[in-house]
Structures are given as C-alpha cells and as structure tokens.
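Chain identifiers are assigned alphabetically (A, B, ...) following the order of the sequence lines, protein sequences preceding nucleic acid strands; residue numbering begins at 1 within each chain. Since the model is a prediction, treat every value here as computed from it, not as a measurement.
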Protein chains: 2
Amino acid sequence: MKPAPVYQQIADDLRRQISDGTFPPGSQVPTEAELLEKYGELHGVRSRQTIRQGLGVLVHEGLIEARRPKGYFVIQRKRLVYRPQAELRQKPPEIDVFTNLVQEEDGRTPSQDIEVSIVNPSHMIRERLGLEPGELAAARRRVRKLDDVPYNLNDSYVRLSLVQGTDFMHPGDVARGTNAVLGELGHELVYGFHEFYLRMPMPDEVQRLQLGAGVPVAEHLSTTFDSEGNAVQVTVNLIPGDRHVIVFETHRGAEANAPRIPWGNP
Amino acid sequence: MKPAPVYQQIADDLRRQISDGTFPPGSQVPTEAELLEKYGELHGVRSRQTIRQGLGVLVHEGLIEARRPKGYFVIQRKRLVYRPQAELRQKPPEIDVFTNLVQEEDGRTPSQDIEVSIVNPSHMIRERLGLEPGELAAARRRVRKLDDVPYNLNDSYVRLSLVQGTDFMHPGDVARGTNAVLGELGHELVYGFHEFYLRMPMPDEVQRLQLGAGVPVAEHLSTTFDSEGNAVQVTVNLIPGDRHVIVFETHRGAEANAPRIPWGNP
DNA sequence: CGCAACGCATTGTCTGGTCAATGCAATCCG
DNA sequence: CGGATTGCATTGACCAGACAATGCGTTGCG
C-alpha cells in the first residue's frame, strides 16, 4: 500500500475535522504556521508550500476560504430556492422566478440591473430560437441582486421582429412581466424545455457573480414555446451553485395532495 | 492598475487558445518545459512551479488534464440526458431514468451494481421520510455504469416496515421496477419533489465515480409521495456534471404541442 | 519472434527560502 | 478626542532546485 502524499493527508485531516464539527461553519482553521508546526512533528513536513498545497485542496473544494491577514475559515452560505417551474404559473402574474426566490428570504432587498440590446446571438441560441441566417434577436440581460450582491444572471433572447418597439425592449422593470408582453403579442408561453449544464465558471463569470474558489455553476437554458409549438424565447440563467437549490415538482394524474415541505438544507 | 499574477496570465492565455480553437478538444497543450521556455522569454518566469500553478488553474476548471508522461490535454466528454421527470411516467414501465439515458446513447452497454441493506439513515433522509426516532430504513444503492465506467450513483431509501420481505429488498434487477413494487403495496407514487444541490465532490465520490479534477456534481434529492400525501421514498442521485445534462419540461394548460428537439450540446 | 529490461520524457511531490500585499490593531500626533 | 501612521501576523507570488513515479518506446536477450 502506497502512502498518500502528505498534502493529501493534511487535506483529509482538515476535511474530516470540518465535517465532524471540530471546525464548524464560519470558524477558523489553523494557520499555515500552526499547521507547519503540527505536521512538522507528525510527518516531518518542513516546507510551508506543502501546507499551502493541502489547504489549497480544500479551497478548491469550496470548503474553506483564505481571509488575509486572519487565516483560513470554514465556508457556509444559505441557499435560495430557484424554482424554474414557477415561470409558467399564471397567478399571481408578478411572482416570477426572482420574486419567488425573494419571498423565501425576506429581510434582504432585491434589485436588478437591466440592459436591453440587439444582438447576433450565439449558435446555441440561434439553434433553439430557429433563427434564419443573419436574423437578429433582442437580448434582455439582467443581473439579479440581493442587498447589492449578485445572485444570478438572466439573459433572455427573442426574435427581434417579434418584439421591436414593444415593452420587451424597455430597459427597466416591466410591471406585468415580459412574458405577459409576449402573450399580448399573440404568443402565450405554454411549454418550457429546460436544460441544465454543470461546470466551473469562466473568469468573467467569477467576477460578475463574485464567486469564490471551488464554486460550480449551473447554466440553465430555458426554451419556451407558444401554443402553436414555435420557440418564442430562450433564456440563459447562470446559477451559482453555492447560493441556490434548484427545486421542481413532478405529478402523475390529478394535482391534488401536494404536501407542504418543512425541510431545511442538507 | 495592478498587473495580474504571471500564473494567471498563463492560465488566461491557454484558456483563450482553448476556446478559440487553437487547442481543440483532445489535443495536447504545450508541456511544462515548453511553457517555461516561452514565458521565460516573455515574462522572465524562471521556476517550473509558476508554470504548474498556471496549468493547475485550468485543471481545476476542468478544461485540461495531465496524462503522465505525455503532457496536458484538452478535455471533452459527451453528455447524457438525465431526465428526472421520466420517473413518474406510467408507460412504458421499464423505461426508468437510467434506461432513458441509455436509449440516447446506444452502442454502449449499460449495467448496474445493486446493494441492498438496512440502515439508520442520515438526518436529511429521516426528515424527508418522516421517520420516528430510532426507526430504520431499507436502502437500495445502485452504481450505474456504461461500458463499465460509472455514470451515476442512485441510493433509494424507504421506511423499512413498508418493504421488508418484498422484492424491493432483492439485490438485483427488478424487472417491473421498484416503483411498481411500491405501487403493489398500496403506495402508488403520484407526486415527486426534487431538489438539486450543486457542489464539488467529496474524495470518496471522486473515487467511486472516477471523476477528474474540477468536475462538479449535482446531488439530486427526489422525494416521492403516494396519493395520500405520505412521503414513501427518498432517492439520492449523484450526478457528475461533466457527463450529464439535466432536462425537464414545464407545461401550462393542455399537454399538446410539445415539439421535438433536434439540438446538440452547447 | 516474444518478452523482459532499460532509457527517457513528462508530471508529481517536496524543500527552504525571499519579498510583496493585505487588513487589522495599536500607537502616535495634532 | 479623532484621524493618520506604523507595526505585525498572515496569506500570495515566486524562485531554484531535488528526487520520485509513470507509462511509453526501444533495446536486448533467449
């Protein structure tokens, strides 16, 4: 049996101590210097780099973060409910995905930055919207925040010819919701197709969402169709994994007996 | 303006070259020695550690992997469709989540290792199943594979008193499906509540699923209820982010006009 | 020919340092 | 008192090496 590298043992020791409550969420783990002393006696570790390598493992796993010049601390963040099914709910109309989140987490004030533009969208979007070569789209990009910290990105794309001159292009809140605007235009959204891709964020996404190390994201592609089966809108949501739990429900037969759920996070 | 650290510049350069096609998926990127020579001239980098730090960034982002003694290579893996909604579909009964996956990716042979045991489940499970203190549960753990490489983990928990002595406890394939077994016991599953938690995998999960560095996972908690609103089964699915796309659909009103989708991955 | 042994390029682990950057706390000064 | 300065512990970046482990290809031997 080959012994694990020292830096792995350090990571394993700390990970176990974090999960068994020795270092609860929010608490400080030993500093590099303290660990160097400890593992110097135990395993003959003499270099600070080796200690750093071990701590780096946990940082990349999203378990701890470095707060200079204090030390390393165990991470914990509360998760908000992300409920993609709520988008096609009819009542009440002002409860969209975002407000749905917010109601679960009151005490914090939501806000969003909205930016509307005309774009030549990516292949991925063109394909789902069924755009002709050269055809343009309207893009409605939103950064949704809670107490001014970004919680997710939400970019909606619609065939330009469909919404030019309508409220969809208004770069601000639309009280009745943009989905209502599309309904008024004769394209009520009745069917949604949802895809979730899991990956690590790109550096620009790290900056825009102020992500820590080791935080994965879900790229949620939502394609919505009108009653005639035409793709009307494609929305790209970028959801930081450490701040959300994605929730939805499935039914068979009557919609009765959906129980209330009193659980916390795992 | 403060210049970015050298190792970040190296990572950024390589990342750009990967995304713009200079290094397509599967191709080799320069070795540490080659990069050391290049950035030695450009930025005066003299230590191999600094090069390794830059490459390490991309490894942790899941973009490249090291294949000793060849060098570093750009990663790409095909994603299978993970369709949690299919579980409550009634016809055909033998199409469960897994076979549903497989049909999208023929040419590969599916298999699963099944293990049944009686356990005292975690708080998270107890809470969702509504277990009394001290009450035990039956656990049916499956490792699902394609061509003998693991694709996901699937652990189902049911109140022990409900299934003791039934086919649910059979440690092998149950042709009609375990959900049908629960149906025969008078607990037809009609409602499902689904939670997805995104995170980096624990080391044991890395080993069991043979995950590469920088691959996030989704922990999918599925709680299913019978027609009387009782929680019957909790299933914990562990889904490697690099091998799956999670898909589901939403409807409003009639189920008509669900279009066929001809898209590839983004 | 077939197989074992060896060489070799490459990445993995670790040493033992140096200097910079950060942010908090104590201190100093008007 | 109150604001600016300084000190200090800590992490961040980087250096210049050493030796181990891995797996592929070649070489050599029976």
Side-chain angles (χ1 to χ4, degrees), chain A residues 1-14 23 27-75 203 206 210 212-214, chain B residues 1-14 23 27-60 62-75 203 206-207 210 212-214:
Chain A
M1 192 56 185
K2 198 189 327 170
V6 177
Y7 79 92
Q8 275 291 353
Q9 292 186 38
I10 296 172
D12 291 348
D13 284 355
L14 287 173
F23 301 123
S27 68
Q28 183 174 9
V29 302
T31 65
E32 295 177 357
E34 289 165 351
L35 289 170
L36 182 53
E37 189 181 6
K38 172 179 176 186
Y39 286 94
E41 294 175 8
L42 288 179
H43 296 86
V45 178
R46 261 159 289 176
S47 169
R48 184 179 152 229
Q49 288 306 325
T50 304
I51 302 292
R52 285 178 63 76
Q53 209 174 345
L55 288 162
V57 171
L58 300 192
V59 170
H60 284 298
E61 286 176 5
L63 289 179
I64 62 175
E65 65 177 355
R67 294 185 203 155
R68 200 168 38 165
K70 307 290 290 188
Y72 292 86
F73 291 80
V74 183
I75 283 188
V206 170
Q210 295 173 16
Chain B
M1 191 57 186
K2 197 189 327 168
V6 177
Y7 79 91
Q8 275 290 354
Q9 293 186 37
I10 296 172
D12 291 348
D13 285 355
L14 286 173
F23 300 124
S27 68
Q28 184 174 8
V29 302
T31 64
E32 295 177 358
E34 288 165 351
L35 289 170
L36 182 53
E37 191 181 5
K38 172 180 176 185
Y39 286 94
E41 294 175 11
L42 287 180
H43 296 86
V45 179
R46 261 161 293 173
S47 168
R48 189 180 146 227
Q49 288 307 324
T50 305
I51 302 292
R52 284 180 63 75
Q53 210 176 344
L55 287 161
V57 171
L58 300 192
V59 170
H60 284 298
L63 289 178
I64 63 175
E65 65 177 355
R67 293 185 203 157
R68 199 169 37 166
K70 307 289 287 188
Y72 292 85
F73 290 80
V74 182
I75 283 187
V206 170
Q207 226 210 344
Q210 296 174 15

Roughly how many Å is it from [atom1] in [X] to [atom2] in [N], rounded to a whole number?
X: A/Gln8; N: C/dC14; atom1: CD; atom2: C1'; answer: 14 Å
X: B/Arg52; N: D/dA13; atom1: CZ; atom2: P; answer: 17 Å
X: A/Leu36; N: D/dA9; atom1: CG; atom2: P; answer: 16 Å
X: A/Ile10; N: C/dT15; atom1: CD1; atom2: C1'; answer: 14 Å
X: B/Glu32; N: C/dG12; atom1: CD; atom2: C1'; answer: 9 Å

field: C/dT13 phosphate, OP1 or OP2, under 4.0 Å from A/Tyr7 side-chain N/O
entry: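 Affirmative; the distance criterion is met.
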
- prompt: OP1, OP2 of D/dG12 versus side-chain N and O of A/Tyr72: anything below 4.0 Å?
  reply: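 Answer is yes, contact under 4.0 Å.
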
- request: For B/Gly56, answer base if it contacts any base atom (sugar-phosphate contacts may also be present), sugar-phosphate if it contacts only those atoms, and nothing otherwise; contact means non-hydrogen atoms under 4.0 Å.
  value: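 Nothing: the residue B/Gly56, judged by heavy atoms under 4.0 Å, touches no strand.
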
message: Once you apply a heavy-atom cut-off of 4.0 Å, does B/Arg67 come out as touching a base, just sugar-phosphate, or nothing?
response: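 It contacts nothing in the nucleic acid.
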
- prompt: With nearest nucleotides of DNA chain C determined for B/Ala66 and A/Thr50 from heavy-atom distances, which residue corresponds to the more 5′ nucleotide?
  reply: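 Looking at DNA chain C, the more 5' nearest nucleotide goes with B/Ala66.
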
B/Leu63 side, atom CG; B/Ile75 side, atom CD1 - distance, nearest 0.5 Å: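 Going from the CG atom of B/Leu63 to the CD1 atom of B/Ile75 covers 8.0 Å.
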
Between A/Glu32 and A/Tyr72: side-chain donor-acceptor atoms closer than 3.5 Å: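 Result is yes, a qualifying pair exists.
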
